[in-house]
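Reading through the structure tokens given below for one structure.
Counting convention: from 1, in listed order, for ligands and their atoms alike. As a basis for the values below, the full set of heavy atoms in this structure was taken, side chains included, without hydrogen atoms, waters or symmetry mates.
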Amino acid sequence: MAPHTSSQSPNPRRVTTRTLQRMREEGDRISMLTAYDYPTAEVLDEAGIDILLVGDSVAMVVQGRETTLPVTMDQMIYHAEMVGRAARRAMVVVDLPFPEGQLEISRSVDVSARVLKETTCHAVKLEGGAEQARRIETIVTAGVPVMAHVGLRPQNVHVEGGYRVQRDQQALVRDAKAAEQAGAFVVLIECVPSDVGMAITEAVSVPTIGIGAGPHVSGQVLVTHDMIGFNSGYLPRFVRQFSDVRTTIQQAAVAYRDAIISGEFPGSKETFE
Ligand code: KIV
């Protein structure tokens with residue numbers, strides 16, 4: 001299928017909420033990955049990824065924390081500013097970190113507005129469905145597009161007692177429909193059986209983006225560090241490693257160290273006369 005816009009052209013047309021809605025309606029699958037820094041965002045954007053997510057997963061894959069909970073709003077803004085500047089075509093979405101999407105709604109509006117004012121990103125993502133409907137509606141009314149995140153909610157890890165596949169189809173469909181009605185432009189679905197992913201997608205008319213939600217959704221997202229093999233830790237079953245960057249970096253570091261030890265680096269080409 002022909003892409004809606006080309007990431008290779010000098011002035012690529014920006015992916016917007018309307019582009020994504022059209023892609024769902026025309027059956028074009030949406031690609032989304034996380035990004036936390038300028039060069040990675042630039043490469044992913046050039047590769048034609050439709051949405052870049054400045055995810056609160058930065059806490060785990062960049063900061064080396066055990067959960068997503070410790071990352072702060074100021075840190076999210078710091079990363080979002082770099083990613084927003086690097087992305088020329090992709091839409092850039094920024095996670096509201098814990099507890100910015102759980103405290104008073106006015107606070108969520110304030111921090112969502114910070115994302116648009118202090119970075120060149122385009123939307124926020126927050127965890128929750130039916131219970132977040134009023135919050136989503138208020139943020140959207142204030143002018144900030146919201147991506148809703150239903151199913152497994154990593155910010156709820158201590159309430160749930162771990163990360164589990166979410167199977168309550170009725171509740172999950174209710175969450176997605178409430179988020180759509182409140183104005184969410186995409187519903188992200190994490191870690192549900194494939195038939196639940198399909199039921200949610202059939203129940204709403206906005207695009208659905210799955211992570212561990214099977215193939216019957218409008219698009220897919222993965223954490224980039226998992227997808228490129230940059231992580232040393234546990235990988236969920238839904239991850240596919242498309243590369244082994246950790247080994248590539250390690251081999252380069254070993255070769256560099258060996259070249260220093262042997263005296264082969266720097267050579268005449270790397271030395272000023
Ligand atoms: O923060 C994150 O990386 C996420 C994933 C679901 C993609 O929210």
Side-chain angles (χ1 to χ4, degrees), residues 20 30-37 40-41 44 49-73 75-80 82-83 87 90-102 111-112 115 121-129 132 136 145-157 160 162-166 172 175-176 179 184-192 196-197 200 207-214 217-228 230-231 233-242:
L20 298 171
I30 299 164
S31 56
M32 172 166 160
L33 280 171
T34 61
Y36 319 104
D37 61 68
T40 310
L44 300 181
I49 299 299
D50 299 306
I51 308 174
L52 300 184
L53 171 67
V54 186
D56 59 359
S57 51
V58 68
M60 298 172 80
V61 300
V62 175
Q63 298 179 339
R65 311 284 197 154
E66 267 185 29
T67 69
T68 59
L69 301 177
V71 67
T72 66
M73 193 67 217
Q75 290 168 342
M76 293 302 293
I77 293 280
Y78 171 78
H79 289 281
M82 294 182 258
V83 174
M91 172 184 239
V92 186
V93 180
V94 182
D95 258 336
L96 292 193
F98 178 81
E100 302 295 351
Q102 284 86 359
V111 294
S112 300
V115 168
C121 299
H122 310 102
V124 299
K125 172 163 84 60
L126 65 86
E127 295 186 8
Q132 293 282 44
I136 293 170
V146 175
M147 179 181 289
H149 179 155
V150 307
L152 191 157
R153 291 186 286 136
Q155 292 177 5
N156 222 27
V157 56
E160 291 281 330
Y163 301 110
R164 291 202 170 68
V165 180
Q166 304 293 302
L172 291 163
D175 278 341
F185 71 97
V186 160
V187 177
L188 184 148
I189 312 164
E190 178 161 359
C191 223
V192 304
V196 176
I200 294 173
T208 55
I209 300 200
I211 176 163
V217 287
S218 319
Q220 300 290 332
V221 58
L222 283 177
V223 170
T224 296
H225 286 54
D226 295 343
M227 186 279 289
I228 63 174
F230 199 13
N231 258 347
Y234 164 79
L235 280 188
R237 168 172 168 184
F238 56 73
V239 172
R240 183 185 295 178
Q241 259 184 244
F242 286 82

What are the atom names and distances for all N or O pairs under 3.5 Å between ligand 1 and the protein?
| unit_1 | atom_1 | unit_2 | atom_2 | d |
| --- | --- | --- | --- | --- |
| ligand 1 | 1 (O) | D56 | N | 3.2 |
| ligand 1 | 1 (O) | D56 | OD1 | 3.0 |
| ligand 1 | 1 (O) | S57 | N | 3.1 |
| ligand 1 | 1 (O) | S57 | OG | 3.2 |
| ligand 1 | 1 (O) | D95 | OD2 | 3.0 |
| ligand 1 | 3 (O) | S57 | OG | 2.5 |
| ligand 1 | 8 (O) | K125 | NZ | 2.8 |

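Among residues two or more places apart in sequence or in another chain, the side-chain hydrogen bond (donor to acceptor under 3.5 Å, both in side chains) test is passed with T67 by none.
At least one donor-acceptor pair under 3.5 Å links the side chain of R164 to the backbone N or O of E160. Looking only at distances, no side-chain donor or acceptor of T68 sits under 3.5 Å from a matching main-chain atom of A59.
Between the side chains of Q155 and Q102, at least one donor N or O sits under 3.5 Å from an acceptor N or O. When only modelled atom types and interatomic distance are considered, Q241 and D226 share no side-chain donor-acceptor pair under 3.5 Å.
Using a 30° and 60° split on the angle between ring planes, H79 and Y36 fall in the perpendicular class, above 60°.
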